Amino acid sequence: MKRTITVRMMKKQENRAGYMFVFPWLFGLIVLGIFPILMSFYISFTNYDMISPMEWIGFENYRILFTNDSLFWKSLGNTVYHVAIAVPLSIFVGLALAFLLNNKVKGMSVYRTLFYLPNVVSVVAMTLLWMWLFQPNFGLVNAILDPLYDLFNIEPLGWYLDQDLSKITLILMGLWTSGGSMVIYLAQMQDIPTTLYESAEIDGAGWWAKTFHITLPLMTPSIYFNFIMGLIGGFQVFTMAYIMTNGGPSRSSYYYAYYLFDKMMADNAMGMASAMAWILLVIVLIVTVIALKLNKFVFYMGEDS
Amino acid sequence: MKKLLAALIVAVAAFAAIACDNESTDRITIDFWHMAPVGTAAYTPTKAIITAFNESQDTYFVKGTGFSFWDYWDKINIAISSRTAPDLGLSTLDDSVSRAEAGVLYNISDFLDADPDGLELDEFYDAALDFATYQNDLYALPFTATVRVLYYNLDMFEEVGLTVADVPTTWSELYDVAKQLDIVDGDGEIQRLGFDPSYGNATYHGWLWEAGLDFFDENLDPTLNTQAHIDVLQWMKDFNAEFTRNQLVAFGDANTLLGINPFAGERVAMMVETDGLYEIIQNANADFTFGVTTIPVPDDNGVRVNWGSGFSIELYDNGDNDTASKAGAWEFLKYMMSYDVQKEMSEVNGWIMAHKRAMSDLATETGDPILARLLVEVEYARDKVYVPYAPSWHGNDWQPYYNNFLSGEMTATEALAAARANYIQKQENYDATH
């Protein structure tokens, strides 16, 4: 008997194949992701210290963090400062690089690769390198700035060893990886139809007019994407401070994720650390939801306005 | 094709047979975690020690697993927490009581009651055993003993006309000798520092102990608010007060740049360090003459004491009531704490082991005067107290205030008051959740 394959059966087969393909990812998400996430939510209501059995303490961890933990607010403040400066600055630098590298100059692909290269370097290696560059007494940065210090008769900057400059130093260091976002900007920049520029030129538009009325508006999707990702990543800043400053001096670079890590590793307070993780999630969620409101300013080419 | 498949199956089977050591199949397997992973110099000798035990009897098979020092603590803590800890492992002695309290360690006193000759407890320091004692029962054993001493560079001493007889014993002598050893060049750059109380492994709590003070009282409430506490902290900073902060920072940075211990790099004439520095100097084939001695004490009523942290060896109770493994772990523990093995472990790792006689015999046999002197100081070593609400009280919790004081951003009074307030807040929060 000849078997008839219906559309419904084909759909079922396709679904089965689809599920099989996503199974490894789903398995990872459920077993390695969802369970620990839910568990950490439960742990945040306990006094779990990794060794003793956990006891339910209700909202005590949350109450303590909000009302009787000065380092919680200090670390949150440091993190907000980092996000507020690092995110717009990295967008600006990424865009500037994309503009620079969107030229038909000989060997451009080499330049592009060079600017992207820091993204494939280990953060630890990069941080150690920058530590030496910013080293106040022997570092290259101060050596270069030395004539300026002499000119204005000022003391050399202490960079990451100065509590007023430590966060800025880490932000400047982080800009080194702007090549990552630059690639995205560049891709979108090259996707802009040249006909738009040609008609603008016919209308007498110069570089500024073309940039502000064509390039930047059409790049808002990638700017927006990098903005959202930067916000989320910015709230999790940790590695550079951990390696370079140990959160200092005077806790000036003690970020939220660093304090969370210390709560877990130094104080063995897994319950408190989990509560911090959930508070961070809520903060990031709120900030992201607010940021999503900016979507109305994003121009998606080809969409009806 | 069939032949090829058969050959493959035979090869895999043979590989599996080799991988699963035949010795372990009919024996009770005992898991032991240590800090000599594959690739380290101590791996092969540690494996040899374990193999010797396995060959000495045919009831138990010890499976040793080595982790690097840096990974070890996370692994063991998570394993204990998930009740998948090895039968036996190393940990830190100062907080073994917390694990005993949590019920994750077997009571060693129970084993000793059943097997009184199993261990020579007299061979271990009482102070170390006290740290492993919870509710009058022993829950861990001191495995190693770290000691802190004053290292002095005799060549530098001779250069300024000093001899061994001039090695300082009090804080004022330390100051007088150190000042003779300082060298500053024409640009005001420090070329050599006689001594600095904040260098190496010299700690504020170590100096406090010498002055008969501490961070916490017997109830583990933070102290730090007395004039005596302020004076000790101020003394640490004033020791090199003739130098500017910039001079000291530049000197310290240059040490970091060199990437070598300042004493081993012959940039500091005297320094408080652990016994580990002796190994570093030996490995670096340093060609200067040096000695070690008791850390100088305050001129009046000084207490001879040094911070002597050490590893413990513990039997983990995973709640599975596995009596066979428990008995095997005890047998292996006795073996590891025996005279011969302790001596061998010291030779292998360069550690000072907890067994007094094994170590003193080793020092005699090798004729090593430095080791002999280090062993004398072990007797005066004291571990730091475990504070449940601030396990890292000497590190994370104290360092920011200490650094603020050293950098001049806070006075001694302000730094101590702020640190104390932080401890009190942590104590309140801990009490509220426990």
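Because only heavy atoms are used, hydrogens play no part in the values below, and waters and symmetry mates are left out as well, while side chains stay in. Just so it is clear, the structure is predicted and the values come from calculations on it, not from any experiment. Every chain is numbered from 1 and lettered A, B, ... according to where its sequence line falls, protein lines coming before strand lines.
- In this structure, Y149(A) places its OH atom where more than 12 heavy-atom neighbours from other residues, nucleotides or ligands lie under 6.0 Å away.
- Interatomic distance, E101(B) CD to I51(A) CD1, rounded to the nearest 0.5 Å: 10.5 Å.
- Using a 4.5 Å heavy-atom cutoff, the side chains of I80(B) and M50(A) are not in contact.
- When side chains are defined from C-beta on, N246(A) does not count as touching Q399(B), because their heavy atoms never get closer than 4.5 Å.
- Heavy atoms only, all atoms of each residue included: A266(A) and N396(B) are closest at CB-ND2, 3.2 Å.
- The number of heavy atoms from other shown groups lying within 6.0 Å of CG (N153(A)) does not exceed 12.
- Contacts of T46(A) with chain B are absent, with no heavy-atom separation under 4.5 Å from either backbone or side chain.
- Neither the backbone nor the side chain of Y254(A) has a heavy atom closer than 4.5 Å to any heavy atom of chain B.
- Interatomic distance, N422(B) CG to D69(A) CG, rounded to the nearest 0.5 Å: 8.5 Å.
- Counting heavy-atom neighbours within 6.0 Å of Y199(B) OH, excluding the residue itself, gives a total above 12.
- Chosen from G247(A), S70(A), P249(A), G271(A), the residue pairing most often with chain B at heavy-atom distances under 4.5 Å is S70(A).
- For D185(B), the CG atom counts as densely surrounded, since its 6.0 Å shell holds more than 12 non-hydrogen atoms of other residues, nucleotides or ligands.
- In the displayed structure, F21(A) atom CZ is contacted under 6.0 Å by at most 12 heavy atoms of other residues, nucleotides or ligands.
- The OH atom of Y430(B) lies 12.0 Å from the CD1 atom of I64(A); values are rounded to the nearest 0.5 Å.
- Under a cut-off of 6.0 angstrom, the local environment of CD in E155(A) is sparse, with at most 12 non-hydrogen atoms contributed by other residues, nucleotides or ligands.
- Heavy-atom distances place no part of N403(B) under 4.5 Å from chain A, backbone and side chain included.
- With hydrogens and angles disregarded, a donor-acceptor distance shorter than 3.5 Å links the side chain of N47(A) to the backbone of T433(B).
- Here the side chains of D74(B) and M265(A) are in contact, with some heavy-atom distance below 4.5 Å.
- With a 6.0 Å radius and a threshold of 12 heavy atoms from other residues, nucleotides or ligands, W56(A) has its CH2 atom above the threshold.
- Under the 3.5 Å distance criterion, the side-chain polar atoms of N68(A) are left unmatched by any main-chain donor or acceptor of N429(B).
- For Q425(B), the parts lying under 4.5 angstrom from a heavy atom of chain A are both the backbone and the side chain.
- More than 12 non-hydrogen atoms from other residues, nucleotides or ligands lie less than 6.0 angstrom from CZ of F235(A).
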